[in-house]
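Worksheet: one structure, shown below.
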Amino acid sequence: MAYASTAHDAHDDHHDQPVKGFKRWLYATNHKDIGTMYLVFAMIMFFVGGFMAMLIRAELFKPGLQLMQPEFFNQMTTNHALVMIFGAVMPAFVGLANWMIPLQVGAPDMALPRMNNLSFWILPFAFTLLLGTFFVPGGMPAGGWTMYPPLILQTGAAFPMLIFAVHLMGASSIMGAINVIVTILNMRTPAMTLLKMPLFAWTWLITAYLLIAVMPVLAGAVTMLLTDHFFGTSFFNAAGGGDPLMFEHIFWFFGHPEVYIMILPAFGIISEILPTFSRKPLFGATSMIYAVASIAFLSFIVWGHHMFADGMPMAAQLFFMMSTMLIAVPTGVKVFNWTATMWRGSLSFEPPMLFAIGFLFMFSIGGFSGLMLAIVPADFQYQNSYFVVAHFHYVLVPGAIFGIMAAVYYWLPKWTGVMYSMTLAKWHFWLSTVFVNVLFFPQHFLGLAGMPRRIPDYAVQFADWNMVSSIGGFGFGLSQLLFAYLVIRCMRGEGKKATAAVWDGAMQHGLEWTLPSPPPYHSFTTPPDLPHQVHL
Amino acid sequence: MPDQDPKRRDNRSLIRGLVLMTAGSFAFGWALVPLYDVFCRISGLGNPEARATAATIVSENVDQNRLVTVEFMSNPASNGSYEFHPLAASMQVHPGKLYDTKFYAKNLTGAPSTAQAVPSIAPGIAAKYFHKTECFCFTPQKFGAGEGREMPVRFIVDPQLPANVDKLTLSYVFYDTTQTTAQP
Ligand SMILES: [Cu+2]
């Protein structure tokens, strides 16, 4: 509809301004409005999941049980993960895609605006359902976000709510993915060939295909849990000839691509920001695209590394170990290219650049600990310990979350037309960086010393580093209030007026900077030409 | 006439393709259940033939010079409806010789009930050298209300058992399947 309407723009003048009141949001079909709703929703979920994390760190501040029962602790770890993964990180990326992909590829809107509305509005229902389990008998799901049977089958009244919530989240992200693919492939301005497309759009295109390939597999797996629980099937029930390990195989066939779904768009963001603030084109742009594509391909053949300790034939262990380590090659290409982009550039250190550089360093730490975990004999030592917790939090917090924050600081002046306080944003970066390391780095030590994950209480020799980690956690949590403050101020239009290019080095780095800040409600109603100086 | 617009037709066929991909992925998720099994059978990984079926090997040369310890473990159903334990905790056996032992199970509920034992052998690499010629785990076991009985296992340890293995553990999980399996 959006594309077709370009032909009769003259009749559509009354659409140039958004409708007033709640109908603007409830019936939203404008990609900017929907992008905003996704991002606000992700921010709210970030604080909900963060609050759960604060409770977890508060309980782990000292050995012994202080604040909560073990059952409640398990509910917190499980829901912290579900909320952060499906409620914060994924919707934040979809929100960024909604805002930026049409602007970057010169399209007037997303290709399927009504489905876009549906895919957003499913989310509040899904999370009301998930968080609503707090009030049902038996409490929230507590079997871990990986939902392994038979443990998860012991969930009380929350069980069907959990499964249905996961189904809804999956449906929402599949619709989002279809929308991104159709927009990129069919609505790109004709002047932009695929290889000239900005990296954020590229990484999202690949992510969208990953989503379509694996979210339905998760839907299948949780449906099998549902039928095992209610209809007497035995997919994962050994008594009926099933196999609980089968669930792990199916789950991680989804699960490993899922971790790349949460990082590839961040790769794209970093590939946009580093060139801008280095005032250079991205080093090896084409190899970046091939690297992302190879990472996406490899993600389908490494799932067994989550199951080394489950008992696996030697041949399978070797295969999964080698294939996992192979991922370090394209990832190494990316890190090398990012570093080479900065090499001899005229660097300046505005907040988006700080977050991008922070990402580069700290994501690499998470990558290295991932390589350690890929080594089968070493994994027997590290598995199920806090080392694993440290690993995936390094790739998800200073990785995915820092990527999202870098994107918000990069594009927020474009979205709102006003600039945030540079000083406070830099404070936010430094506080977050210091505290995130105080929070997660000691967890490597705890894990190597033998502290298991998912426990509310621990042996006294782990007390010191846990206290340090908790202090880091509280510091990190509080620092994020600064982020919320800066974003809300911009949303209310308070601050210095931003120029169209916003950043000194931005003009050459994408179509979005050719529009005024904020961009008109309907932008690129006719396909734009690429300004000749635009390069990746 | 929206269908006159070539862009719109483009969108339709692309969307159709993507929806088909989604459906394909969903079907693939379910297909993984049999596929993993087929894959293990073809590749021989994971020792799929060592399942709960009667072994046919009966006589072998008995290795009188070698003694292997076989330990027995029992895990009763987690819902507490059965008492379940081996009569002997462990046995010293010669590879190649046929042995008998018994497990005891009692239905603790006041109603007739069916149970299924699922065996597992540790260490995993030795599993294919442990042959059960008769086992209560081959079929569902029916119990009257409050009934208890002894159930036999006959087994033979293969003389090919690697020399570095001197202890095997045979463990059973005893599942209450009254609710979940259709009665034959
Ligand atoms: Cu993985």
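Below, each value reflects all heavy atoms present in this structure, side chains not excepted, and no hydrogens, waters or symmetry copies. Below, read A as the first sequence line, B as the second, and so on, with proteins coming before strands; counting in each chain starts at 1.
The local environment of OH in A/Tyr148 is crowded, with over 12 non-hydrogen atoms from other residues, nucleotides or ligands closer than 6.0 Å. Annotation: A/Phe230, atom CZ; neighbour count of heavy atoms from other residues, nucleotides and ligands within 6.0 Å is above 12.
From B/Leu14, atom CG reaches atom CG of A/Asn186 across 5.0 Å, with rounding to the nearest 0.5 Å. Atom CG of A/Leu112 and atom CG of B/Asn11 lie 6.5 Å apart (nearest 0.5 Å). Within the model, atoms OG1 of B/Thr22 and CD1 of A/Ile178 stand 4.5 Å from one another, a figure rounded to the nearest 0.5 Å. Atom CD1 of A/Ile174 sits about 10.5 Å away from atom CE of B/Met21, to the nearest 0.5 Å. B/Leu32 contributes atom CG, which lies 12.5 Å from atom CZ of A/Phe247 (distance to the nearest 0.5 angstrom).
Chain B forms more heavy-atom pairs under 4.5 Å with one residue of A/Ile250, A/Asn179, A/Val214 than with any other, namely A/Ile250.
With a 4.5 angstrom heavy-atom cutoff, B/Val33 touches chain A via backbone and side-chain atoms both. Looking at A/Met215, there are no atoms closer than 4.5 Å to chain B (heavy atoms on both sides), in backbone or side chain. A/Phe254 does not touch chain B: none of its heavy atoms, backbone or side chain, sits under 4.5 Å away. When heavy atoms are compared at a cutoff of 4.5 Å, A/Ala219 approaches chain B by way of both its backbone and its side chain.
The aromatic rings of A/His249 and B/Tyr36 sit tilted relative to each other, their planes meeting at an angle between 30° and 60°.
The shortest non-hydrogen separation linking A/Gly220 to B/Phe26 is N-CE1, 3.6 Å.
Under the 3.5 Å distance criterion, the side-chain polar atoms of B/Ser25 are matched with a main-chain donor or acceptor of A/Ile212.
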